[in-house]
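Atoms within each ligand, like the ligands themselves, are counted from 1 in listed order. Just so you know, residue 1 is the first one in the sequence shown, and it goes up from there.
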Amino acid sequence: MNTEKQLKEAAEPDIFGSEQMRKPAPDKFIPEHKTPASIAYQMVKDETFPQTQPRLNLATFVTTYMDDYGTRLMNESVGINYIDETEYPRVAVMCGRCINMVANMWHSPEEADWKTGAVGIGSSEACMLGGVAAWLRWRERRKAQGKPLDKPNLVMSTAYQVVWEKFCQLWQIEMRTVPLTLEHPTLDIEKAIGMCDENTICIVPIAGVTWTGMNDDIQALDAALEEFNAKTGYDIPIHVDAASGGFILPFLNPDKVWDFRLKWVLSISTSGHKYGLVYPGLGWVVWKDRKYLPGDMSFSVNYLGANISQVGLNFSRPAAQILAQYYNFIHLGMEGYREIHSNSMEIARYCHDAIGKMPCFENYSKDLDNPLFIWYMKPEYDKKANWTLFDLQDKLMQSGWMVPAYTMPKNIEDMTVMRVVVRQGMSRDMADMLIEDIRNAVAELDKLEYPTPTRQAALKAEKQKGKVYTH
Ligand SMILES: *Cc1c(COP(=O)(O)O)cnc(C)c1O
């Protein structure tokens with residue numbers, strides 16, 4: 001005979017009738033006692049319950065849609081640690097194959113069977129590795145010349161992604177930034193070259209600038225650098241931060257020369273989890289040749305049938321993304337990537353066009369380099385509106401859209417813009433819903449009789465600068 005207590009314990013807990021559901025969730029100490037798995041699961045799951053649908057998040061560049069097979073492969077390999085190569089040697093082989101495919105997609109001239117590159121958690125790790133390699137190469141050169149190595153610097157535009165700030169802080173490298181201006185919405189090459197000297201470890205142009213969606217002109221930079229290096233005797237190279245562009249240009253703009261076809265481009269990084277179409281986190285970095293990867297950064301491994309180098313900041317990392325990337329390469333092929341990204345581009349152009357036609361907005365650029373764009377409020381409209389783009393961001397959130405408003409980098413920080421990133425998972429129908437929601441939100445905001453708090457703050461800032469608008 002079971003006691004009443006035993007029967008009660010054996011019964012599946014009634015989740016929402018449980019004690020845990022009427023108590024605050026643990027937030028400081030590991031609870032002393034156990035919680036049934038079904039209740040613990042529900043509690044964790046519900047933490048994410050009020051979040052928006054990932055595919056309505058037009059702020060992120062990172063993959064929010066994968067097909068069933070890709071998702072299945074990732075779920076099935078969720079327990080695999082990439083670094084355990086003796087246990088999972090085929091993961092390392094797949095990783096090497098992915099590096100080969102990425103390197104060849106960027107026209108690597110390297111003749112070895114296994115190209116020189118590395119996998120990372122994202123572009124951040126990949127940028128770090130590219131940056132460290134450039135720094136170590138510069139150190140070697142300076143040492144050989146008997147010159148001091150205490151003042152390295154790096155040159156890029158103020159539209160850098162935050163990883164470069166981290167890189168420069170962590171390795172104590174001086175960051176020299178070329179301001180973005182309205183006349184020069186991408187890297188001003190003349191100014192960039194003007195900032196270079198014997199201590200410059202590399203210049204970092206961006207393919208797919210996070211702030212604007214545009215591409216720096218890497219071919220022109222390479223030509224300018226060729227002239228400058230010849231004149232000065234320096235060897236300043238280029239690392240391309242192609243977090244988005246690395247997986248867009250080869251498909252949508254294959255004739256554009258921005259990669260290893262250029263003389264001074266010695267390394268390129270990209271995010272497999274952006275337009276490589278893999279769920280986070282995955283990044284790739286490739287060097288033009290083995291000789292550009294300093295020996296002390298690479299650790300030899302021989303399981304690929306040859307000695308190849310393994311490089312990374314992390315040791316353990318999930319393998320699932322590598323399987324998914326390899327799956328995407330096989331399944332989609334060049335053709336599939338081209339189709340998906342062309343669709344994203346067409347939908348982005350459609351939104352760009354529709355937003356540009358609205359009386360209150362102006363697009364930042366006439367055409368699109370990548371399937372993302374920014375826009376701002378027309379100055380004459382800005383003068384009389386009782387709202388700002390920050391209010392529009394809030395309003396769109398009410399229909400589930402995440403469309404970020406932000407101020408531009410240093411030098412044009414007075415400018416507030418709004419950005420839409422189109423990725424796989426956004427259809428023309430969804431774009432129509434978005435445009436309709438923007439129109440409705442603007443109509444509502446235009447009815448406001450008094451300035452919103454963000455508008456009041458903007459007015460106050462304007463007044464302090466001596467420009468007074470009548471309201
Ligand atoms: C996203 C991005 C990064 C950082 O990449 P993660 O993959 O998120 O680590 C670096 N640079 C640029 C230009 C980016 O767009």
Side-chain angles (χ1 to χ4, degrees), residues 54 57-64 66 98 102 106 117-132 134 154-170 175 177-178 180 185-187 192 202-218 221 238-249 258-259 265 267-286 312-314 317-318 320-322 324-325 328 341 344 348 368-374 402 404 406 408-409 417 419-423:
N57 180 353
L58 304 182
T60 186
F61 290 73
V62 175
T63 302
T64 45
M66 279 186 75
C98 287
V102 172
W106 295 336
V119 63
I121 287 292
S123 271
S124 299
E125 189 183 357
C127 292
M128 289 273 178
L129 293 169
V132 168
L154 173 148
V155 175
M156 68 190 306
S157 92
T158 47
Y160 58 81
Q161 208 269 356
V162 66
V163 61
W164 292 104
E165 216 172 344
K166 294 183 191 172
F167 170 75
C168 289
Q169 274 291 341
L170 295 179
M175 193 177 202
T177 52
V178 186
L180 225 59
T186 59
L187 179 72
C202 65
I203 302 188
V204 182
I206 306 167
V209 175
T210 332
W211 299 77
T212 61
M214 299 172 81
N215 293 335
D216 288 338
D217 188 346
I218 303 166
L221 176 66
I238 295 172
H239 173 91
V240 184
D241 179 353
S244 307
F247 269 109
I248 296 173
L249 286 165
W258 64 278
D259 53 14
V265 173
S267 51
I268 304 174
S269 53
T270 195
S271 297
H273 59 211
K274 288 185 179 172
Y275 289 88
L277 305 177
V278 175
Y279 283 137
L282 186 69
W284 302 104
V285 55
V286 175
L313 297 181
N314 290 290
R317 61 147 290 143
Q321 293 81 356
I322 296 165
Q325 183 78 85
N328 276 350
H341 294 344
S344 295
L368 268 59
D369 287 344
N370 295 293
L372 65 130
F373 63 96
I374 59 174
M402 178 67 222
Y406 54 91
M408 290 293 274
V417 299
R419 184 181 72 192
V420 158
V421 178
V422 177
R423 305 177 303 277

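Between Q161 and ligand 1, no pair of N/O atoms sits closer than 3.5 Å. Ligand 1 has an N or O atom lying under 3.5 Å from an N or O atom of D241, backbone or side chain. Below 3.5 Å of separation, one finds an N or O of K274 facing an N or O of ligand 1.
Of the options G122, S124, G276, the smallest heavy-atom separation from atom 9 (O) of ligand 1 is shown by S124.
Below 4.0 Å from some heavy atom of S271 lie the following atoms of ligand 1, by number and element: 5 (O), 6 (P), 7 (O). Close contacts between ligand 1 and H273 involve ligand atoms 6 (P), 7 (O), 8 (O) [criterion: under 4.0 Å to a heavy atom]. Under a 4.0 Å criterion applied to the non-hydrogen atoms of I206, ligand 1 contributes the atoms 13 (C).
In this structure, the side chains of L170 and M128 come closer than 4.5 Å at one or more pairs of heavy atoms. Between I268 and W258, the closest side-chain pair of non-hydrogen atoms falls below 4.5 Å. Between L187 and I206, the closest side-chain pair of non-hydrogen atoms is not below 4.5 Å. In this structure the side chain of V265 never reaches within 4.5 angstrom of the side chain of W106, judged on heavy atoms.
Atom 6 (P) of ligand 1 has S123 N, 3.4 Å as its closest protein atom, hydrogens excluded (heavy atom only).
Proximity of a side-chain donor or acceptor of S157 to a complementary backbone N or O of L180 within less than 3.5 Å is not detected.
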Going through the checks in order, is the side chain to side chain contact (heavy atoms under 4.5 Å, CB included) test met by Q161 and F61? CA-CA 13 Å; Q161 208 269 356; F61 290 73; over 6 Å; no
